Q: 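Pasting a structure below so you can have a look.
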2 protein chains.
Amino acid sequence: MASSSDPARARGDRVAVTIKDVARVAGLSIATVSKYMNGGHVLDDNRVAIEQAITTLGYRVNVVARGLKTRRTMTVGVLIPSIEQIFSTEIIAAIEKQLAKAGFSTIVCDCQLDAELESRKMEILLEKQVDGIIMMPFSGLAEPIQKAIDQGVPVILIDRKVEGVILDTVLVDNENLARQAVSSLIQAGHRRIGIVLGPKDLYTSRKRHTGYLAACHEHGLVVDPDLIRHSDYQIPGGSAAFLALLDLPDSPTAIFTTNYETTFAAGLIINERGLNIPLDLSWIGFDSLSMAQIFKPRLTIVAQPVRQIGETAAQLILERLSGAGGFACEAREVILPGELIAGLSTGSIRTIAD
Amino acid sequence: MASSSDPARARGDRVAVTIKDVARVAGLSIATVSKYMNGGHVLDDNRVAIEQAITTLGYRVNVVARGLKTRRTMTVGVLIPSIEQIFSTEIIAAIEKQLAKAGFSTIVCDCQLDAELESRKMEILLEKQVDGIIMMPFSGLAEPIQKAIDQGVPVILIDRKVEGVILDTVLVDNENLARQAVSSLIQAGHRRIGIVLGPKDLYTSRKRHTGYLAACHEHGLVVDPDLIRHSDYQIPGGSAAFLALLDLPDSPTAIFTTNYETTFAAGLIINERGLNIPLDLSWIGFDSLSMAQIFKPRLTIVAQPVRQIGETAAQLILERLSGAGGFACEAREVILPGELIAGLSTGSIRTIAD
DNA sequence: TACGCTGCGCGAAACGTTTCGCTCTTTGAA
DNA sequence: TTCAAAGAGCGAAACGTTTCGCGCAGCGTA
C-alpha cells in the first residue's frame, strides 16, 4: 500500500533504498553492511539485523555505484554480426550460461551486418565499462578491436581471425570439415562438385575453400573454377550462386553450400524447381540442424559445435578476467572439430548412372 | 607504442582517462567539459580545445559514473523465455533497433524456460538500474513483475498478459488468427480438424483455443474434444500430441499446430511417416516463415507480426520513459493483427474424396 | 554614464558504493 | 595478572560524473 501512496513513486521517481538506509535501520555503520553484503563476517546479532533491514526495506544493491567504485562491472560484452542468425544465438546462449555460473552477466550487441555499427557498438560496450568482450568479427577490421585493446579490455575472438590483432581465438576446423564433406561426395563417385562460398576475404569462407581444394587434390580431381562460386553468404547472393551452378552447361552432380543462408537459399530453389534430391543432385549443407531435419529428404550437413564454441569462449574470457595472471599469458587459439551429419541428400553417382 | 609500454596497461589495469584529464589538457574546468559533452554551448575556442583534448587522450565517457549521478542508465532490459526461439530474437532485433534511435541501449536476459531464473534475471536487471523493462512473460507469475513495479521501473508486457498486474501490453490477435486458420480448413470441406495447443493456462494457447472453437461454432461444427490436444509447446510434447491425433481411430483430415515448436515437431513426424501433404492430411502451422518455405509442399502458416511487436513495445516504453507525463496515463493494450500465409499444405476435402 | 541582462565558465556538492586504516573489545597464552 | 593478537565495527575518502548557484565580462538600452 505504501508503494501506491508514495508520491515520489507515483511520479515515477526512483525511491532508491540505499545501503545507508539499511545501515540506519539495522543500527550499524555503512561499512559493516557493505562488509556483510560482500560476504564478510559480522556478528550473528548484526547479521540478523541486517538481513531483516534488507527484507523490510526491500534493499537491492546498486551495481552501477558498485561498478564505479570497484571498476569492475562483472559484465562481459558480446558483439556479433546479427542476432537473427541462429548460429549466433546458440553460441550466445552457451556463453551466457557459462558466464552466469561465474557471476558475470552478458550484454549482447549485434551490428546488424553493418561495419559502421560494429565500431559504434564496440564503443558503447567500452563506455559501459564491460570487463571483457567476446566478439564474432563482422567487418574483419582491426580498428574496433584495437579500441578495446587500448582500453585494456580483454577480447576473445570467435569464428574467425582478424588481421592486425593477436588475440585468444576460438575457431572451428572449417578446412577439415569442408574436406570431409567434399571427400564424401567424391567417394560417392561425384566428379563435378559445385561449391557456394562466401566473400573471398572472409576467413571461414577461405578455409572452406581450401578444404574443397584439398579434397579434390587428394583424390586427383582436376578443379574446374566454374564450379567454385563466391557469394555474400546471404540469401539473395546464395540463390544467385546456386542458380549459376545449376545452369552451367555441364552442371555439377553435387553441390556443397557452405553456410546457413546459402543452404537455405538452395533449399528454396530446389523446391521451386522440383529437383529430386539426391537423384537429380546430391547436396550437402551447412549449419542449421533443424532445417536439415525438416527438409525432404533429410539433408546431410556440416554442423559446427555451437555450444562448445560458446563455452570455450566464455572459459577463455574468464581466465583473462581472473586476476590469476591470466592477462599475462600469450594469445591462445582453440580449434574445435565439427561434424558431418549424414542425411539422405547425397547419393552415389553410380546409382544415378544405372 | 605508448599503449604497449605503459606498465599499468600491461598489468591489465584500466588506465582510465577521465573528464578531469580532458579538463586539464584543455585548460578548462570539469564543469565546462561536462557541459560540452552533454550538448551545451561553449565558446568556439574552448570547443576546439576540448575536442582536441578528447581525441589526443582517447577520452570516452564513463556511463557507469554518469548513470550513478543522473540515475538514468539509458538502458532498457528485455526479459524473454529463451533466446533460442526465433520468435523472440526477431522481436529483440526490432526492439533494439528502435530503442537505439532514441539513444537507449538494450540488455537482453533470457530465463532459459525456467521460472526461477525469470525471477532472478528480473532481479539482475533491477540491480543494473535499467530505466525500463520489456518482458515476454514465461511463468505467468506476477511476482517478478511486481518487483519492478515496486521499484518504480516501467514494464511493458509482450505476447501475453499476466494476472495480477495491469500494464501496457502488446498482444497479437491470436483468437482471430486461429479462427481464420480453422475457418479456412472448414471452408475447404474439412469436418474433423485437430489442433495442437500449449499448456491450458497459457494466455496465447487459450486464445488460440477460443479461436478454434469460434470457427467451429460459426460453421455449425460439433466439437470433438478428442481433436483438441494440449502440449507443453515444446518439441517432444508437440510430437506426442500430434501423434495422438494421427493415431486416433477416426483421425482428423486436417491439423492446426499452434506454435513454432509443435509445428516443427509435426514436420518431423510427417517426414518420418512419409505422409503426403495435403493428400493424406491438410496442415496449418504457426510462426517460422523460413521453415514453412523450406517444407515440401510449402506450408500454410499463421505468421505473427514480429517486427511490429518489437517496434510497438519499444514505442510504448519510450513513452513511459519520456518525462512528458508518460508515466501518468493508464495502461494501454495494443492488439496487433497477424497474417495467414497461404502455402500448399492444405487441400479441399472434396478433392480428396474424388 | 549607469544599469541590468545575457552568456559563459567555475567550484563544489552530490550520486551509492567499497575499502583503508583506525579504535575498541575479547580471548587466550605466558 | 598481563599483554599481544585477533575480531569486529566505524569514519572518511574515493570512484567519474552532473548540476546548482554564483561570479565575471560584455553589451545594449535608458
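Note that these values count all heavy atoms, side chains included, but never hydrogens, waters or copies made by symmetry. Proteins come first, then strands; the chains are lettered A, B, ... in the order of their sequence lines, and each starts at number 1. Keep in mind that this is a model prediction, so the values were computed, not measured.
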Q: If we count only N and O atoms by modelled type, under 3.5 Å, do the side chains of A:Arg60 and B:Gln151 hold a donor and an acceptor together?
A: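 The answer is yes; a qualifying pair exists.
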
Q: Would B:Lys147 and B:Glu143 pass as an ion pair if we require N to O under 4.0 Å?
A: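 Yes, charged N to carboxylate O under 4.0 Å.
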
Q: How long is the line joining CZ of A:Arg72 and P of D:dA14, in whole Å?
A: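 Rounded to whole Å, this separation is 23 Å.
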
Q: Summarise how protein sits on nucleotides 15-21 of chain D as a single string, 5' to 3': B when a protein heavy atom is under 4.0 Å from the base, S for sugar-phosphate-only contact, - for no contact.
A: BBBBB--

Q: Check whether any side-chain N or O of B:Asp21 sits under 3.5 Å from a backbone N or O of B:Thr18 as a donor-acceptor pair, and report yes or no.
A: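 The answer is yes, because a donor-acceptor pair under 3.5 Å joins these two groups.
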
Q: Are B:Glu127 and B:Lys121 ion-paired here, with the side-chain N under 4.0 Å from a carboxylate O?
A: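 Salt bridge flag = no for B:Lys121 with B:Glu127.
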
Q: Grab the CG-P distance between B:Asp45 and C:dG7 for me, whole Å please.
A: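 Rounding to the nearest Å, CG of B:Asp45 and P of C:dG7 are 19 Å apart.
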
Q: Between B:Ser34 and B:Thr32, is there a donor-acceptor pair closer than 3.5 Å when you use the side chain of the first and the backbone of the second?
A: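 Checking the backbone N and O of B:Thr32 against the side chain of B:Ser34, no donor-acceptor pair under 3.5 Å is found.
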
Q: Contact class for B:Val42 (heavy atom, under 4.0 Å): base, sugar-phosphate, or nothing?
A: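 If one applies the 4.0 Å heavy-atom cut-off, B:Val42 turns out to touch the sugar-phosphate alone, with no base involved.
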
Q: Measure the distance from CG on A:Leu43 to C1' on D:dA6 and round it to the nearest whole Å.
A: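 So the two atoms are 13 Å apart, to the nearest Å.
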
Q: Counting N and O atoms only, with roles assigned by atom type, does the side chain of A:Asp114 sit under 3.5 Å from a partner on the main chain of A:Cys111, one being a donor and the other an acceptor?
A: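 The answer is no, because no donor-acceptor pair under 3.5 Å joins these two groups.
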
Q: Would you say D:dA8 has OP1 or OP2 under 4.0 Å from some side-chain N or O of A:His41?
A: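 For D:dA8, OP1 or OP2 has a side-chain N or O of A:His41 closer than 4.0 Å.
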
